[in-house]
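Scroll down for the structure; my scribbles are underneath it.
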Amino acid sequence: MARGKLRIHLGAAPGVGKTYAMLSEAHRRVGRGTDCVVGFVEHHGRPRTEVMLHGLEQVPRRELEYRGGVFPEMDLDAVLARRPQVALVDELAHTNVPGSRNAKRWQDVEELLAAGIDVVSTVNIQHLESLGDVVESITGVRQQETVPDEVVRRADQVELVDMTPEALRRRMAHGNVYQPDKVDAALSNYFRPGNLTALRELALLWVADRVDAYLTQYRSEHRVSRIWGSRERIVVGLTGGPEGRTLIRRGARLAEKGAGGEVLAVYIARSDGLTSASPKELALQRTLVEDLGGTFHHVVGDDIPAALLAFARGVNATQIVLGSSRRKAWQYVFGPGVGATVARESGPDLDVHIVTHGEVAKGRGLPVARGARLGRSRRAWGWIAGVLGPPLLAALLSAVDLGLANDMLLFLALTVAAALLGGLLPALASAAVGSLLLNYFYTPPLHRWTIADPKNIVAIVIFVAVGVAVASVVDLAARRTHQAARLRAESEILSFLAGNVLRGETGLEELLERVRETFGMESAALLERASDVEPWTCAGRVGRGRPVERPDEADVDMPVGDHMALALTGRVLPAEDRRVLAAFAAQAAVVLDRRRLQEEADRARTLAEGNRIRTALLAAVSHDLRTPLAGIKAAVTSLRSEDVEWSEEDRAELLEGIEEGADRLDHLVGNLLDMSRLQTGTVTPLIREIDLDEVVPMALGGVPEGSACLDVPETLPMVAVDPGLLERAVANLVENAVKYSPSGAPVLVAASALADRVEVRVVDRGPGVPDEAKDRIFEPFQRHGDAPRGAGVGLGLAVARGFAEAMGGTLNAEDTPGGGLTMVLSLRAAASLPEPHLTAEPERQAS
């Protein structure tokens, strides 16, 4: 069955019109004959949105009971049974009421998509999981309902529903978003112009990044090499010299002039490593470009202008920033330089900026070797000197008579020059041609290919031997220079790789991307298999191009052990590059092993924590639960005994003991169940506005009369909490305080307002807790001091803190002035929350 398609209407804040846009699309689809139903849409009392529901088929909702209330949820089974072509499911990040099949609504949507049903949904930018910290820093409120970014990124279409902050605030002021009694609080808190502007920017940038990913994928699939200037990308070419910092700052200023501008600094090293870049300077420039929001790239290429242009076109850059050449004027006779070549070959799609700096025309210090071994032009001059030089020298010597010895020295000097220029083969050619010319023109008998004097034969042989020896030395030196330079290049790359590890950049995908980028490949993948007969699986892959399922399908494969290989596609690498590739492959295997070891360590840590909890639980069950059970059993056995005639007073006392034991069991089991819910993360608070004086008095019902007194002013602001969780947390705090308070010193439960918080303080006059133990008393199964075994399993405070944090509050312990302990429960005032939380129903935050 084909998977359904997901379309998401994304907004920056509630009220921008996501639900309205979704319903408008549904009407258009129904008008075209599409079978479209409403799985779940909440209009929140907005008349215009409610009108849009008319004419659309709605699947009846499922009502669930929870904590004394009835809450409607989407009936997933009914939608699956109806099997429409398109289902409308509002509020993708919504948390389902406990008792539903799935904990989150996006999981319901996944089931619909797997069943082949297309889904249209809505979500706000603040509900994306990765943006939780950013949204909290902007609004001051942590979003409780989130959806994984990958769920939204996998959507087939994401449509931005945009509205300016001013327009949204006008909508709210006109009563089109919330009820009139909530508008002022919303406009003064969550819906401030600054908050809305920042959230809008987040939404626009997120959608822009997604569009950019689509564009990159399209260009890769259609092999588009021409640059599309849809977004300003500035590539800064670095040489490793001190002028690089000036170029990076210039590129950053250019990027700031365009919306969404991006800076990519690239250092291109020759494959033979014949460069004079300073590793320290490159490290400083890398830090600078990352501080300015850009990225640093290290690319290997023999032809620097071509490699730079290839990189720029590969990332769809629009501008290149280069520095003016540091060469002196006379050095331009060897060529126009990198800047001029890049500007000439960039074409109409790339703008090239040549930036002046303080190092212009100051030279590069030590001379830089050219080419791999001996360059092509140098070899050409060597052949010219070796083949054409001897005849020209013979023509010059025909006019003067310098003697055979001087003539041979001149020809030898020419052979040495050919060796220095072109290496061994041009020198051999020069020696052969020179020896023939010496024999024919200058060795008696003249103009004949014979030699009369044996001494002249020795001289010519020595001449050829010297020429060959000099040429061999020059060629060997060139090869040694090439090898040393290449080893230096490899050491630079390996030190760069080691630096990444030291900086913590050890992600497998990041390492594979570095491999692909360094060697200029299309894709890089790490393949592995369990044994020789098992199929290969992909542990990680980056880049574009065809997927590789086996190492032998790749252009380059580097085995790592017996059952792992690094596979690259794009071109065939020379054998000399495989040493560095082997180091990358070994590092990739190490990174993969480290990741798996970390996962195993996390699992082991989880198991260890679970074992600790179970051990403590068994210890608690062995005594704290058996004690009340034993008391109940003894009382029941006594009442059932026919040998004893119990008086009414004795019978009432035994029944009271049974009731107390049952209450104690109920309390202990309740705490155990609550702790298990906290440990598994299944506590889902239903936040609503409430007065403290409606909840706190109910929490005192489980303590003896007169053991606690209450001071909760009626003028306190309302708090946004889950009433059930708050009552349980306060009850645990009060019971703990009563347990340690001396006789005749009642526990004080007081509440007060502080800024945008409301604090509930539970004050006792007991022995108190030292500072070093104040955090430890909130851990599960912890009793402080010499508390008796029958005093509980040590879960009350842990459950109270867990419930407090689940509601967005805090719980801490302080010393009571004069002796004792004060528990401070800090809760958020309702007015300090974003308006979507101010509902009497489960949080939904949808427009």
Side-chain angles (χ1 to χ4, degrees), residues 13-15 42 44-45 66-71 95 97 126 136 139-145 172-173 175 177-192 195 683-701 709-734 748-762 800-812 823-846:
E42 182 62 65
H44 292 288
Y66 182 68
R67 291 187 176 275
V70 179
F71 304 99
T95 300
V97 172
Q126 67 263 30
E136 183 178 11
T139 63
V141 177
R142 183 73 178 186
Q143 295 296 322
Q144 300 298 324
E145 295 186 327
M172 296 194 63
V177 179
Y178 295 119
Q179 298 299 322
D181 59 333
K182 299 178 180 179
V183 169
D184 291 340
L187 291 176
S188 301
N189 291 277
Y190 191 82
F191 289 87
R192 294 193 298 268
N195 288 0
V683 175
T684 305
L686 299 179
I687 306 298
R688 68 174 187 176
E689 286 185 5
I690 196 167
D691 287 319
L692 282 178
D693 56 6
E694 298 179 19
V695 178
V696 175
M698 300 173 60
L700 305 183
C709 57
L710 190 62
D711 181 15
V712 180
E714 296 181 356
T715 57
L716 287 177
M718 302 180 74
V719 292
V721 296
D722 183 311
L725 298 185
L726 177 59
E727 179 184 345
R728 190 63 179 273
V730 175
N732 283 1
L733 296 178
V734 174
L748 173 63
V749 181
S752 60
L754 179 64
D756 59 347
R757 314 286 290 185
V758 176
E759 292 185 348
V760 178
R761 308 176 75 87
V762 180
R801 171 172 277 190
F803 284 172
E805 293 176 349
M807 295 183 293
T810 60
L811 176 60
N812 296 292
M823 293 292 179
V824 182
L825 175 60
S826 179
L827 305 170
R828 295 178 297 184
S832 67
L833 293 178
E835 189 61 27
H837 284 271
L838 304 181
T839 64
E841 296 182 358
E843 175 57 33
R844 292 197 169 92
Q845 294 193 15

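Below, each value reflects all heavy atoms present in this structure, side chains not excepted, and no hydrogens, waters or symmetry copies. Residue indices begin at 1 and follow the sequence shown. This one's a predicted model, so the numbers in the text were calculated from it and none came from an experiment.
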message = What's the separation between atom CG in L733 and atom CG in L811, rounded to the nearest 0.5 Å?
response = 5.5 Å
query = Heavy atoms, side chains only, cut-off 4.5 Å: are P697 and L710 in contact?
reply = yes
Point-to-point distance, once rounded to the nearest 0.5 Å, from CE of M823 to CG of N732 = 11.0 Å
Contact check, side chains of V730 and L825, non-hydrogen atoms, under 4.5 Å = yes
note = Heavy atoms of R761 and E759 approach each other most closely as NH1-OE1, 3.1 Å
query = Taking atom CD of E727 and atom CZ of R67, what is their separation to the nearest 0.5 Å?
reply = 9.0 Å
key: Closest contact, heavy atoms only, F71 versus Y66   = CE1-O, 3.4 Å
ask   = Are any side-chain N or O atoms of R828 and backbone N or O atoms of M807, one a donor and one an acceptor, separated by less than 3.5 Å?
value = yes
Report, one line per pair, each donor and acceptor closer than 3.5 Å where one atom sits in a side chain of residues 711-726; sequence neighbours left out.
{"unit_1": "D722", "atom_1": "OD1", "unit_2": "G724", "atom_2": "N", "d": "3.0"}
{"unit_1": "D722", "atom_1": "OD1", "unit_2": "L725", "atom_2": "N", "d": "3.2"}
{"unit_1": "D722", "atom_1": "OD2", "unit_2": "L686", "atom_2": "N", "d": "2.8"}

task = Not counting sequence neighbours, which residues clear side chain to side chain contact (heavy atoms under 4.5 Å, CB included) with E136? List them please.
result = D133, R142
ask   = Where the side chain of E689 meets the backbone of A830, is there a donor-acceptor pair that is under 3.5 Å apart?
value = no
key: Distance in Å, R757 CZ paired with L827 CG, rounded so as to fall on 0.5 Å steps   = 7.0 Å
ask   = Do you know the tightest heavy-atom contact between A800 and A729?
value = CB-O, 3.8 Å
inquiry  = Taking the side chain as everything from C-beta on, heavy atoms only, tell me whether Q126 gets closer than 4.5 Å to P14.
reply    = yes
